[in-house]
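Some notes on the structure that comes next.
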Number of protein chains: 2
Amino acid sequence: MTVRIKDIAAKAGVSTGTVDRVIHKRGNVRADVQAKVEQVMSELGYRRNLIASALATNRKWKIACLIFDPSDSYWRQIKEGIDRAQEATAHYGVRIRHYFADRFGPDMFARHAASILEERPDAVLMAPSFLRESLDFIKSCNELDIPIVLINSEMEAPGALCYIGQNSYQSGQLAARLLHFGINQEATALLLNLEADTQNSQHLKDKECGFREYFTKNHDKEIKIVSENITNFDDPVQLCCIIGKLLNEYPDVAGLFVTNSRAFKVVGCLERLNRNDLLVVGFDLIPENLTYLRANKIDFLINQNPVMQGYLGIMNIVNHSLLDKEVVPLQYLPLDIVVTENCDYYEQNSYALPMVV
Amino acid sequence: MTVRIKDIAAKAGVSTGTVDRVIHKRGNVRADVQAKVEQVMSELGYRRNLIASALATNRKWKIACLIFDPSDSYWRQIKEGIDRAQEATAHYGVRIRHYFADRFGPDMFARHAASILEERPDAVLMAPSFLRESLDFIKSCNELDIPIVLINSEMEAPGALCYIGQNSYQSGQLAARLLHFGINQEATALLLNLEADTQNSQHLKDKECGFREYFTKNHDKEIKIVSENITNFDDPVQLCCIIGKLLNEYPDVAGLFVTNSRAFKVVGCLERLNRNDLLVVGFDLIPENLTYLRANKIDFLINQNPVMQGYLGIMNIVNHSLLDKEVVPLQYLPLDIVVTENCDYYEQNSYALPMVV
DNA sequence: AGGCACGTTGTGTGCGCACACAACAACAAA
DNA sequence: TTTGTTGTTGTGTGCGCACACAACGTGCCT
């Protein structure tokens, strides 16, 4: 039933060794023999048995992962996806080494990148949050012929194998649609970037762009947009002060769009200010946000599928390096709209990944 | 590095054959030897190499799938998930045989069930849409020791391995939340069951129940609910007549909830009636619905993840039968909220399943 | 003619495991 | 004692493939 190398060899009148050389393009096969073997292969519809292949090669694959510290619950979820993929592919000889950068600056990131280059892994998974350092690293990987997969932050990088993550522009549009849907009268929508270094965060800019563009296209309600970058968001008192001032300045604010996972910080302020009347749209199913979502103090959360990002990141490396499969260069994950009624299912998130085969 | 049977045998002072007997619980091992082997196994943290195992057994697995005719695009998506899973596990010897029932009644369904029992497959995947026939079939499978996985319609069936699909009650609640969010004034919400046999459709009842209960809990807006079963929905003229009458009778209708994938039929009528002012919530990303969603004539679609249902159905059988893994009996899939801005990502749906390993 | 290099082809071994079968001991029945 | 039975244990083979290595033929140079 199943076609084996042996069958091809027999039908082509050669030995299995020759078929093997053809399959793996190892050369040293006479042109006419090669043609004959290839013909028989396609005739019989040969498909390599990956099981047997993996067993026979018995090779180890070192994958280095450069992401951020999983003390942040968003990155913990990404790491979870990576670890599940590792588990699912362990018997293919996949071994993962983690490197955690911190948010305080590119130094640690660059140092880890250097360590990885010394380690000479077979592939790299990276969240390219620091633009210049990431580009340098990708270049080095290319020179060493190390395939590299990017997650979480989209960037122009021709040397990378693929990007897996969200479409930031589109997520801004989505947030706009949700606010637009819930706001009836003419009003103001507040867009808040709670980020230390907004200049370096291209994805925040993309979100804002998508958000604004939605309202220029849909002006049946005449909603005004005010955006604000807040860099010192760690001190609640200061944050309250900033937000309070904004709400005074624009008394007709009806909705808030927080462009990253820090919506809970904003809502904390709204509680202090006794403002329960505002729509809030944010990102990411981290515990702090979920608490507010369940209490109806956040209306919508957009899920970036962090677990899936990690999982698919590794799986794409496996598909590329071990299984010789074609990899899609740009893989946008769904923008899940999460409300109280469906958050449980996204939170568990266990269903999609038991595909250990 | 990796612990093999050979290593365990050496450390326990027995042969690999004995270790094999312990691992597979084949018996005929002296009690003290068995204990010793088990101790060594846990000491060394032995994990069976599934790759090698699958290769060695070289067994074929026949899986029979009893679902509905894939000429319906919803069922075509379920079939797609099944086929992808088949492809991903083909080299484990998994072979799938499809049986398609039709919606006209349980006869074909029962006949297929009988054929499957004759075929004696190793496992069965079924959408138990006809209650009595399904129960009979599950009972027969149990007697023959054939594990059976249910998808799409939840039912009380202690003999089944697991259920994978939506939580209908919860999806009703979700629909209610979405309508509630978009309706501002006091108004009426219309719940429409477009189904030939509503009596036999437990999931429709569950959806209605969840829908109504949401509004009894959230009565800040005083929304009235009117529900209607429509059995002859195939004739557009007749359907228009029914819906037009309802809208006349309840002039303050602000939103519609169509409890299955037939929202497009309702919206077709609304177009004829020149009613563009109504919110519409429906189910399933079939082409007809997507067209209306993109044209902003359907506001929200709830995705039931049909591809995933099929895929996970097979994968759970593989996990259970081939890999001896524990299977979670109740696996609710996420209730994806789909709007114009994120429908592309759900429609492609290719991302989640390339996990061919 | 002898020696060597090189292109081409076939053979053998092992990956880790499952399973059939052989081997052996202990004991009971004839 | 012999024979058969049963419980227990070890050995050998093959799953399909990858890869090292041996073997062979050809042509070239000395």
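Worth knowing before you read on, the calculation uses all heavy atoms, side chains too, and leaves out hydrogens, waters and symmetry mates. Order of the sequence lines fixes the chain letters, A, B, ..., with proteins taken first and strands second; residue numbering starts at 1 for each chain.
- Residue A/Arg26 contributes atom CZ, which lies 10 Å from atom C1' of D/dA20 at whole-angstrom precision.
- OP1 and OP2 of C/dA18 both lie 4.0 Å or more from every side-chain N or O belonging to B/Thr57.
- The nearest whole Å value for the distance from the NZ atom in B/Lys6 to the C1' atom in C/dG14 is 9 Å.
- Candidate nucleotides C/dG10, C/dA18, D/dA18 were compared by shortest atom distance to the side chain of A/Ala56, and D/dA18 ranks first.
- Here the nucleotide nearest the side chain of B/Leu55, chosen from D/dA18, D/dC15, C/dT9, is D/dC15.
- Note that CG of B/Asn49 and CG of A/Leu55 are 6.5 Å apart. Values are rounded to the nearest 0.5 Å.
- Which of D/dT9, D/dC15, D/dA18 sits closest to the side chain of B/Asn58 comes down to D/dC15.
- Donor-acceptor pairing under 3.5 Å is recorded for the side chains of A/Asn316 and A/Gln331.
- Between A/Lys36 atom NZ and C/dT8 atom C1' there is a gap of 19 Å when expressed in whole angstrom units.
- Listed pair A/Thr16 / C/dT11 fails the phosphate criterion, with no side-chain N or O lying under 4.0 Å from OP1 or OP2.
- Taking atom CG of A/Asn49 as the reference point, atom C1' of D/dG14 lies 14 Å away to the nearest angstrom.
- One atom, CZ of A/Arg59, and another, P of C/dG16, lie 16 Å apart when rounded to the nearest Å.
- Listed nucleotides: C/dT9, D/dT9, C/dC17. Nearest to the side chain of B/Arg30: D/dT9.
- Atoms CD1 (B/Ile51) and P (D/dC17) sit 14 Å apart, rounded to a whole Å.
- Residue B/Tyr46 places at least one side-chain N or O closer than 4.0 Å to OP1 or OP2 of C/dC17.
- Rounding to whole angstrom units, OH of residue A/Tyr92 and C1' of D/dC17 are separated by 13 Å.
- Dashed line: the shortest gap from a side-chain N or O of B/Arg48 to OP1 or OP2 of C/dC17 is not under 4.0 Å.
- Each of A/Gly27 and A/Ala52 was matched to the nucleotide of DNA chain C holding its nearest heavy atom; the match closer to the 5' end belongs to A/Gly27.
- Here C/dA18 is the nucleotide among C/dA18, C/dG14, D/dC19 with the atom lying nearest to any side-chain atom of B/Ile5.
- Between D/dA18 and A/His24, a contact under 4.0 Å exists linking OP1 or OP2 to a side-chain N or O.
- Atom CZ in B/Arg47 sits roughly 12 Å away from atom P in C/dC17 (whole-Å rounding).
- For the atom pair B/Ile67 CD1 and B/Gln309 CD, the distance stands at 10.5 Å (nearest 0.5 Å).
- Considering only side-chain N and O atoms, B/Arg4 lies under 4.0 angstrom from the phosphate OP1 or OP2 of C/dG16.
- Residues A/Leu322 and A/Tyr92 share a closest heavy-atom pair of CD2-CB, 3.6 Å.
- For the pair B/Arg21 and D/dT9, the criterion of a side-chain N or O lying under 4.0 Å from OP1 or OP2 is not met.
- The side chain of B/Ser15 contributes an N or O atom lying less than 4.0 Å from OP1 or OP2 of D/dG10.
- Using a 4.0 Å heavy-atom distance criterion, B/Asn28 is classed as a base contact.
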Compile the donor-acceptor pairs under 3.5 Å between side chains in residues 151-161 of chain A and protein atoms, sequence neighbours left out, one pair per line.
residue: A/Asn152; atom: ND2; partner: A/Tyr74; partner atom: OH; Å: 2.6
residue: A/Glu154; atom: OE1; partner: A/Tyr332; partner atom: OH; Å: 3.0
residue: A/Glu154; atom: OE2; partner: A/Tyr332; partner atom: OH; Å: 2.7

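- Taking only side-chain atoms of A/Val29, from C-beta outward, the nucleotide of C/dC19, D/dC17, C/dT9 with the closest atom is C/dT9.
- Residues satisfying the ring pair (Phe, Tyr, Trp, His ring centres under 6.0 Å) test with B/His112, not counting sequence neighbours, are B/Tyr99.
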